[in-house]
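Structure record follows, encoded as structure tokens.
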Amino acid sequence: MTVRTRFAPSPTGYLHIGGARTALFNWLFARHHRGRFVLRIEDTDVARSTEESIKAILDGMEWLGLDWDEGPYFQSKRFEIYRKHVDILLAKKLAYRCYCTPEELEERRRKAIQKGYPPRYDGRCRNIKDAPDMPFAVRFMVPEGTTTVEDLIRGRVSFDNEQLEDFVILRSDGTPTYNLCVVVDDAEMEISHVIRGDDHLNNTPKQILLYRALGYPVPFFAHLPMILGQDKTRLSKRHGATSVMAYKEMGYLPHALVNYLARLGWSYGDQEVFSRDELIEKFSLENVGRSSGIFNPEKLLWLNQHYIKNTSNEELAELMVPFLKTLGVDPSGDERLPRIVGTLKERAKTLKEMAEASLFYFKDEVNYDTSAVRKFLTPDRIELFELLVERLSGVEPFTEEGIEGAFRSILDEKGIKLKRLAQPVRVAITGRTVSPGIFETIGALGKERTISRLKRAISLMKDTNPTV
RNA sequence: GGUCCCAUCGUCUAGUGGCCUAGGACAUCGCCCUCUCAAGGCGAAAACACGGGUUCGACUCCCGUUGGGACCGCCA
């Protein structure tokens, strides 16, 4: 049997963290088994579905590298197929027309809750005659008995059919509902494994009943635990960024998010870091946990930092360009970029952070931190700086080793510690007290710029009444 | 309210009856390294929700309690 999985989002918003993980697990399962991964857009709710949302979901999938083999299929274009299935059920007397109006149902539901009864449809239209002129919905006739879900993650879960009401499969406006569409599509698209969120477990018996009524084979089910926010409630906007694309904008690497999401609910011994191929190779439903997990942004951040650190300078240079541009820097043609990135990548948690930290390399005017200047750019270092300018000018080629040599020669002569010289120089060329290593910073900045910044600092120090 | 699911450090988790004095990772704290900040290294603190069984022996199996979550729509 070839494995076929699917991701079936409804386009009523962006691709969020929870959806992305569901998509990822389906994708991993399909790839692991060399099966097919299908994308299907569940847009039967015409009122709430939007084009932007479809695009947002596709963009998110693409960014994460979750490529699909078939689709996207759109349920809105398959209404005829669903109608046909409803007719079959109607003909087999496994479904019936219901003439109750939504208002009546709402009223009855309200009363039931008030009296403490379960708010369930009572099946009153089961045996009434068809009235051709009246608007109707179609309900599935739930048989008596027990329905058991054989879940690959939860095990065997049984439901008493009495708990299932005769649910609507076709609305009075002629559009089909979720439970019907999902079954028809999964059956027709020959989905072998339905891997989805825990929140669908309670729908599963209804769907199994539908598969049977329609004469379709029942697929395997696997219900993934939910992802919760810090307060243990279902992850939502209140918990901060939940849109996948928001993470792109914040400077996350797609694979960091993939790695993080994979480990939220799934594990492989003590291993935390997985390449894409490793994930595919090692993923299995057996190692998916059963309890819901809390989304932990700090661990994601750590993974992001880890991957930034381990990405090549060239690649990072390219990834950082859009972030620089939004900061007003156009680095195109600047050959220093890979090297600059190299000095920053050990200490950046996001691409955005890295871009911000790199600004001093590009701006002609150093943005001085006043208290740093006051503390480190004092007149007693003028001589040291002049000496450094002289030595640095003689360094050719301008390599890190050469730069360090220039520094060391001064330190030896003056009998001072590197600290004495490095901090003021750092302030002079970056404007602040925190930066990458001083030699690599100077190397990446370049000879001309370094010397001009040192000279500018010297004149600042000479100025008894400096304005910075 | 009814039904269903879940329960190991703050968080993600390892653990499938003796290997557990419960392991790893993030976060936290300390030390080392050091030109600042990071990174890195070393170390510390930190958990089997509770109560009953079953068993020679339970984190592991069963039951209950408690707690959390989901679903109960002519939403998906």
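Note that these values count all heavy atoms, side chains included, but never hydrogens, waters or copies made by symmetry. Each chain gets a letter, A, B and so on, in the order its sequence line appears, and its residues count up from 1.
Residue A/Lys299 has its side chain nearest to B/A25 when only B/C5, B/A25, B/G40 are considered. For A/Thr177, taking side-chain heavy atoms from C-beta onward, the closest of the listed nucleotides B/A76, B/A39, B/C26 is B/A76. If you check B/C71, B/C26, B/C4 against the side chain of A/Asn296, the one that comes closest is B/C26. Each of B/U36, B/C6, B/A27 was ranked by its minimum atom distance to the side chain of A/Ser291; first place goes to B/C6.
With both pairing distances under 3.5 Å, B/A7 is matched to B/U66 as a Watson-Crick or G-U wobble pair. In a base pair of the Watson-Crick type (N1 to N3 plus N6-O4 or O6-N4) or a G-U wobble (N1-O2 and O6-N3), with each distance short of 3.5 Å, B/C56 is matched with B/G18. For B/G30, the paired nucleotide is B/C42, the pair qualifying as Watson-Crick or G-U wobble because both relevant distances are below 3.5 Å. With a 3.5 Å ceiling on both atom-pair distances, B/C74 lacks any Watson-Crick or G-U wobble partner.
Among the heavy atoms of the strands lying under 4.0 Å from A/Glu346 is at least one base atom, whether or not backbone atoms are also near. A/Pro225 comes within contact range of no nucleotide atom at all, as no heavy-atom separation falls under 4.0 Å. Across all strands shown, A/Asn203 has heavy atoms under 4.0 Å from base atoms, whether or not it also approaches the sugar-phosphate. Counting non-hydrogen atoms under 4.0 angstrom, A/Cys181 reaches nothing in the nucleic acid. Backbone-only contact: A/Glu165 has heavy atoms under 4.0 Å from sugar-phosphate atoms and none from a base. Within the nucleic acid shown, A/Thr12 has no heavy atom closer than 4.0 Å to any nucleic acid atom. Contact annotation for A/Ser435: base contact, defined as any heavy-atom pair under 4.0 Å involving a base atom. Backbone-only engagement by A/Arg154 is indicated by non-hydrogen atom pairs under 4.0 Å involving sugar-phosphate atoms exclusively. As judged by a 4.0 angstrom heavy-atom cut-off over every strand, A/Glu272 is placed among the base-contacting residues. Contacts of A/Gly437 with the nucleic acid, taken as non-hydrogen atoms under 4.0 Å apart, include base atoms. A/Arg290 comes within 4.0 angstrom of the backbone, heavy atoms only, and of no base. Residue contacts for A/Lys309: at a heavy-atom cut-off of 4.0 Å it reaches the sugar-phosphate backbone alone, with no base atom in range. A/Leu105 comes within 4.0 angstrom of a nucleotide base, judged by non-hydrogen atoms across all strands. Counting non-hydrogen atoms under 4.0 angstrom, A/Leu418 reaches a base of the nucleic acid.
Comparing B/U21 with B/U60, their P atoms sit 15 Å apart, to the nearest whole Å. The C1' atoms of B/C6 and B/C20 are separated by 24 Å, rounded to the nearest whole Å. A gap of 14 Å separates the C1' atoms of B/A25 and B/A46, to the nearest Å. The same atom, C1', is picked in B/A22 and in B/A45; the two are 16 Å apart, to the nearest Å. As rounded to the nearest Å, B/C9 and B/C71 have C1' atoms that lie 32 Å from one another. Spacing of C1' atoms, B/C62 relative to B/G17, comes out at 14 Å, to the nearest Å. With both ends at atom C1', the span from B/G52 to B/A27 equals 37 Å, rounded to whole Å. B/U11 and B/G68: their C1' atoms are spaced 16 Å apart (whole Å).
As a whole-Å value, the separation of A/Ile294 CD1 from B/U13 C1' is 13 Å. Taking atom CD on A/Glu400 and atom P on B/C35, their separation rounds to 15 Å, with Å as the unit. The interatomic distance linking A/Ile41 (CD1) with B/A76 (P) rounds to 14 Å, in whole Å. As rounded to whole Å, 13 Å separates atom C1' of B/A70 from atom NZ of A/Lys206. Summarising the geometry, the separation between CZ on A/Phe159 and P on B/G2 is reported as 17 Å, rounded to the nearest angstrom. The NE2 atom of A/His223 sits 11 Å away from the C1' atom of B/C5 (whole-angstrom rounding). If you measure from atom CG of A/Asp369 to atom P of B/U36, you get 17 Å, rounded to the nearest angstrom. Atom CG in A/Asn287 sits about 8 Å away from atom P in B/A14, given to the nearest Å.
Residues A/Ile438 and A/Met226 each lie close to RNA chain B; by heavy-atom proximity, the contact nearer the 5' end of the strand is made by A/Ile438. Map A/Thr433 and A/Tyr178 each onto its nearest nucleotide of RNA chain B; the residue landing nearer the 5' end is A/Thr433.
Between A/Ser267 and the phosphate of B/A14, there is a side-chain N or O to OP1/OP2 separation shorter than 4.0 Å. Note on A/Ser292: every side-chain N or O is 4.0 Å or more away from OP1 and OP2 of B/A70. Contact annotation: A/Arg234 reaches the phosphate of B/C71 (side-chain N/O to OP1 or OP2, under 4.0 Å). Using a 4.0 Å cut-off, some side-chain N or O of A/Arg109 falls inside it from OP1 or OP2 of B/C74.
Of the residues A/Arg426, A/Arg347, A/Lys345, the one that meets the salt bridge (Lys or Arg N to Asp or Glu O under 4.0 Å) test with A/Glu440 is A/Arg347.
Expressed to the nearest 0.5 Å, how far NE2 of A/His255 lies from CG of A/Leu257 amounts to 10.5 Å. Note that OH of A/Tyr307 and CG of A/Leu253 are 9.5 Å apart. Values are rounded to the nearest 0.5 Å.
Using modelled atom types, one finds a donor on one side chain and an acceptor on the other under 3.5 Å when comparing A/Ser76 with A/Asp43.
A perpendicular orientation is assigned to the rings of A/Tyr14 and A/His16, their planes being inclined by more than 60° (bins at 30° and 60°).
A/Lys349 is not listed as a side-chain neighbour of A/Met354, based on a closest heavy-atom distance of 4.5 Å or more.
More than 12 heavy atoms of other residues, nucleotides or ligands shown are found within 6.0 angstrom of CD on A/Glu386.
Between A/His200 and A/Tyr178, the ring centre distance stays below 6.0 Å. Between A/Phe283 and A/Trp266, the gap from one ring centroid to the other is short of 6.0 Å.
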